[in-house]
Amino acid sequence: MTANHTYETNIRIPFSFIIFGLLAFFLSQILLFLSTRQLSTGEMRLPVVLSAVHLLVIGFALMTAMGAMYQLVPVVFLTPIWNESFAFIQMVVTSLGILSFSISLAFNIQMAIFSGLLLTCGIVMFLWQMFMTLKKQKKRTVITLFVGTALTCLLLTIGLGLTLAYHFWSVRQLIDHDLIFKAHIFCWDFPAGLHFLSLDFLTKWFRCFHWRIIFQ
């Protein structure tokens with residue numbers, strides 16, 4: 001078997017994530033454009049703005065990062081994706097979760113908890129896929145630390161987001177709502193930096209790997 005055949009992912013997996021990400025980006029820009037008047041007056045926590053932001057952050061940024069990881073992780077860590085069929089299922093579940101969650105935020109935020117559970121299911125499936133893939137890695141590196149930390153923070157972000165959705169649904173607060181809201185944003189921003197830093201390492205390593213194959 002060649003190295004390419006052993007470690008590269010079915011190209012349809014990352015493309016599926018990236019194509020959905022581009023569609024989500026397009027939809028988010030339409031919603032933000034329609035909210036220009038409210039945004040110009042400083043009104044941020046509006047249902048349509050929350051919907052647009054989650055389409056942009058989860059639908060575009062996160063889905064694109066997931067697609068990139070499906071392509072780069074097997075090559076850099078020299079281990080195949082745990083289950084490619086599971087990856088397609090995860091893509092469908094996550095996509096439906098993102099769309100339904102964004103619609104709930106825009107039209108009925110109290111019901112966002114239910115679509116949020118579907119979205120959480122899709123993201124947990126991705127985390128499980130990465131965990132099972134990294135578990136097969138023979139030698140841990142600094143990139144493993146970056147990726148593992150980013151994925152852990154992503155799980156915290158989703159948990160805090162679900163807590164916020166629960167607050168809207170139950171009309172009672174488990175913990176201070178503003179504190180959870182700020183922690184939710186922080187836990188996304190912190191791993192996003194680590195995640196894209198790790199992707200930068202992954203991309204450079206990916207290029208070196210392929211140049212090494214070409215000149216062997």
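Numbering starts at 1 and runs along the sequence shown. Predicted model only: the values in this text are computed from it and were never measured.
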Practice task
Taking all heavy atoms of Ile123 and all of Leu154, pick out the closest pair and write down the distance.
Solution key: CG2-CD2, 4.0 Å
Practice task
Working to the nearest 0.5 Å, report the span between CZ of Phe17 and OG1 of Thr64.
Solution key: 10.5 Å
Exercise for the section: Report whether Ile13 and Met125 are members of the same hydrophobic cluster (ILVMFWY, side-chain heavy atoms less than 4.5 Å apart, transitive linking). Expected result: no
Problem - Rounded distance (nearest 0.5 Å) linking atom CG of Leu23 with atom CD1 of Ile18 - result: 12.5 Å
Problem - Between CE on residue Met63 and CG on residue Leu55, distance to nearest 0.5 Å - result: 11.5 Å
Handout entry: Hphob cluster co-occupancy, Leu96 + Phe101, side-chain heavy atoms under 4.5 angstrom
Key = no
Fill in the blank from the handout: CD1 (Ile113) and OG (Ser104) are apart, to the nearest 0.5 Å, by 10.5 Å
Completion exercise
Between Ala52 and Ser28 the two heavy atoms that sit nearest each other are O-CB, 3.4 Å
Problem - Heavy-atom closest pair, residues Trp169 and Met111 - result: CD1-CE, 3.8 Å
Handout entry: Same apolar cluster (I L V M F W Y, side chains within < 4.5 Å links), Ile158/Val57
Key = yes
Handout entry: Ile19 side, atom CD1; Ser95 side, atom OG - distance, nearest 0.5 Å
Key = 11.0 Å
Handout entry: Nearest-0.5 Å distance, CD1 of residue Ile89 to CD of residue Glu84
Key = 12.5 Å
Exercise for the section: Considering non-hydrogen atoms only, spot the tightest contact between Thr133 and Val73 and give its length. Expected result: CG2-CG1, 4.0 Å
Practice task
Look at the rings of Trp82 and Phe86 and say which category their plane angle falls in: under 30° parallel, 30 to 60° tilted, over 60° perpendicular.
Solution key: perpendicular
Handout entry: Leu46 with Leu105, same ILVMFWY side-chain cluster at under 4.5 Å
Key = yes
Exercise for the section: Keeping the roles fixed (side chain from Ser51, backbone from Pro47), state whether a donor-acceptor pair exists under 3.5 Å. Expected result: no
Problem - Atom CZ of Phe88: over 12 foreign heavy atoms under 6.0 Å - result: yes
Practice task
Take Lys135 and Thr79, measure what side chain to side chain contact (heavy atoms under 4.5 Å, CB included) needs, and give me the verdict at the end.
Solution key: CA-CA 9 Å; Lys135 185 180 177 182; Thr79 180; over 6 Å; no
Exercise for the section: Side-chain contact test, heavy atoms from C-beta onward, threshold under 4.5 Å: evaluate it for Pro14 versus Met66 and give yes or no. Expected result: no
Handout entry: Sub-4.5 Å side-chain heavy-atom contact between Phe131 and Leu151
Key = no
Exercise for the section: Step through it carefully: locate the ring centre of Tyr70, locate the ring centre of Phe126, and say whether they are under 6.0 Å apart. Expected result: yes
Practice task
Please answer: with hydrophobic residues joined when any side-chain heavy atoms are less than 4.5 Å apart, are Met130 and Val147 in the same cluster?
Solution key: yes
Completion exercise
For Ser102, the side-chain hydrogen bond (donor to acceptor under 3.5 Å, both in side chains) test, sequence neighbours excluded, returns none
Problem - Nearest heavy atoms of Gln71 and Ile11, plus distance in Å - result: OE1-CD1, 3.7 Å
Fill in the blank from the handout: Tightest non-hydrogen contact, residues Leu118 and Ser100, listed as CD2-OG, 4.0 Å
Problem - Sub-4.5 Å side-chain heavy-atom contact between Leu34 and Val48 - result: no
Problem - Side-chain donor or acceptor of Gln129 paired with backbone N/O of Ile81 under 3.5 Å - result: no
